[in-house]
Number of protein chains: 2
Amino acid sequence: MPENKDFCNYDALKLENQLCFPLYACSREIIKKYRPFLDEIDLTYTQYIAMMVFWESGRISVKELGKKLFLDSGTLTPVLKSLESKGLVTRKRSTEDERVLMVEITELGQQLKEKAVTIPPRVGGCIALEPEEAMTLYRLLYKILNKDE
Amino acid sequence: MPENKDFCNYDALKLENQLCFPLYACSREIIKKYRPFLDEIDLTYTQYIAMMVFWESGRISVKELGKKLFLDSGTLTPVLKSLESKGLVTRKRSTEDERVLMVEITELGQQLKEKAVTIPPRVGGCIALEPEEAMTLYRLLYKILNKDE
DNA sequence: TAAAATTAAATCGAACTCAATCAAATATAA
DNA sequence: TTATATTTGATTGAGTTCGATTTAATTTTA
């Protein structure tokens, strides 16, 4: 990326010239920072972002959940079953359309929010960006994500 | 992220206010864009970024490779065995220090570079950022990655 | 030197990711 | 009303991902 033009022959194949690579590495590094905090409430990162949706929505279909998280049912099914086994959500087929599986947060799931709310500020301290930079990063990432919508 | 201050009670737990989430989603979305191109040369994304290092370095230890890719030996061992089975690299213990496994690119691995070089420009077209924006994103991501070094 | 500590990889286990496929339910068309 | 197509969610399989443990080799220390 350093020089966007004048890429001589193979420079495009250098790791340092990729945008995808730091994105990928950063994503994993930040998820890793969440781990000790998420361990406290016995959630994995994927379970955590799914719970975030439930804390906001309460009840949602697997399909809609997948759209919000950019994840497909192959990923979500085991995650939701795990959350159900912990008693945090219930899974029930819609009566109007039996194909649709509705997932709903339980009282226990709601209660977990109290503990979870302490996590974002604690993780935030691990990221070395100024508020303004974080804002810019946020905007650029959503620009990429919303491209195809 | 929209409002960095004045987070009332639970706003910090909204998906849209997380920085980690778009980072994670973006990373997966971009890797997904690589897939059809990588299928052409029969590499997964992880194998591809490992090959990028070999195209630059030729010969490197698992330890050093892991440092470059932010991946540990638990991830790399199966990746490298797979690349070896395709004949793209060889794996041999260092004679000076038997603990160290040196991985070296083969002639076939070198040849693959010719095909791979067409990938970055083709994927680049899938990302909706201006060159200047891409540059900014790149800089911010590396700022996060280099924090702990 | 011999014991202890450190280091590098491999291994293992649990979880995630996603393409591909399947089965069931619904919608549409002939 | 039948077929046909589409939609939805589950399942499967290959490949990651990473913490934790193990093994082997090396280095440090007593």
Side-chain angles (χ1 to χ4, degrees), chain A residues 20-21 23-39 42-51 60-67 69-86 89 91-103, chain B residues 20-21 23-40 42-51 60-86 89 91-103:
Chain A
C20 62
F21 175 69
L23 205 45
Y24 169 64
C26 238
S27 166
R28 281 181 294 110
E29 289 298 306
I30 290 191
I31 288 174
K32 217 179 291 185
K33 290 202 198 307
Y34 272 87
R35 196 171 213 274
F37 301 115
L38 291 177
D39 281 347
D42 188 33
L43 289 182
T44 64
Y45 182 74
T46 313
Q47 290 166 9
Y48 173 64
I49 60 173
M51 286 307 297
I60 190 174
S61 73
V62 174
K63 170 88 171 178
E64 285 302 310
L65 179 63
K67 217 179 287 177
L69 299 181
F70 295 85
L71 292 170
D72 76 359
S73 72
T75 302
L76 289 176
T77 296
V79 169
L80 295 172
K81 283 182 175 175
S82 168
L83 290 178
E84 184 180 44
S85 77
K86 295 183 214 253
V89 302
R91 299 159 65 245
K92 212 174 295 176
R93 296 219 168 254
S94 162
T95 45
E96 302 101 64
D97 185 340
E98 293 273 342
R99 293 172 305 180
V100 176
L101 187 83
M102 297 300 298
V103 188
Chain B
C20 62
F21 174 69
L23 204 47
Y24 170 63
C26 235
S27 167
R28 282 181 294 112
E29 287 300 304
I30 290 191
I31 288 174
K32 215 179 291 184
K33 292 202 196 306
Y34 273 86
R35 196 169 213 273
F37 302 115
L38 292 177
D39 280 348
E40 294 173 10
D42 188 33
L43 290 182
T44 64
Y45 183 73
T46 313
Q47 290 166 8
Y48 172 64
I49 60 173
M51 285 307 297
I60 191 175
S61 71
V62 174
K63 169 88 172 180
E64 285 303 309
L65 179 63
K67 219 180 286 179
K68 280 181 191 289
L69 300 181
F70 295 84
L71 292 170
D72 76 0
S73 72
T75 302
L76 289 176
T77 296
V79 169
L80 295 172
K81 283 183 176 174
S82 167
L83 290 178
E84 183 180 47
S85 76
K86 295 183 213 254
V89 301
R91 302 185 322 126
K92 211 174 296 176
R93 297 229 164 245
S94 162
T95 45
E96 302 102 62
D97 186 340
E98 292 271 344
R99 292 172 305 181
V100 176
L101 187 83
M102 296 301 297
V103 188

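Every value quoted in this text rests on a predicted model; they were computed, and no experiment measured them. In what follows, chains carry the letters A, B, and so on, assigned in the order in which the sequence lines appear, proteins first and then strands, with residues in each chain numbered from 1. FYI, side chains are in, hydrogens and waters are out, and symmetry mates aren't considered; it's all heavy atoms of this structure.
If you take CZ of A:R99 and P of D:dT8, they are 6 Å apart, rounded to a whole angstrom. As a whole-Å value, the separation of B:E98 CD from C:dA9 P is 12 Å. When rounded to the nearest whole Å, the span between CG of A:L80 and P of D:dT11 equals 12 Å. Between B:K32 atom NZ and D:dG15 atom C1' there is a gap of 16 Å when expressed in whole angstrom units.
Listed here is the closest heavy atom pair of A:T46 and A:L71: CG2-CD1, 4.0 Å.
Taking for each of B:L71 and A:S61 the nucleotide of DNA chain D with the nearest heavy atom, the 5'-most of the two is the partner of A:S61.
Look at B:Q47 and you'll find a side-chain N or O under 4.0 angstrom from OP1 or OP2 of D:dT16. Taking side-chain N and O atoms only, A:K81 has a distance below 4.0 Å to OP1 or OP2 of D:dT11.
Judged by distance alone, with hydrogens and angles left aside, A:S73 brings a side-chain donor or acceptor within reach of the base of D:dA10, the pair sitting under 3.5 Å. No N or O donor and acceptor, one from the side chain of A:R28 and one from the base of D:dT17, sit under 3.5 Å apart. With hydrogens and angles ignored, no donor-acceptor pair closer than 3.5 Å exists between the side chain of A:T77 and the base of D:dA10.
In this structure, A:R93 contributes its side chain and A:R99 its backbone to a donor-acceptor pair below 3.5 Å. Put simply, the side chain of A:E64 never gets that close to the backbone of A:S61: no donor and acceptor are under 3.5 Å apart.
By the 30° and 60° cut-offs, the orientation of the rings of A:Y48 relative to A:Y34 is tilted.
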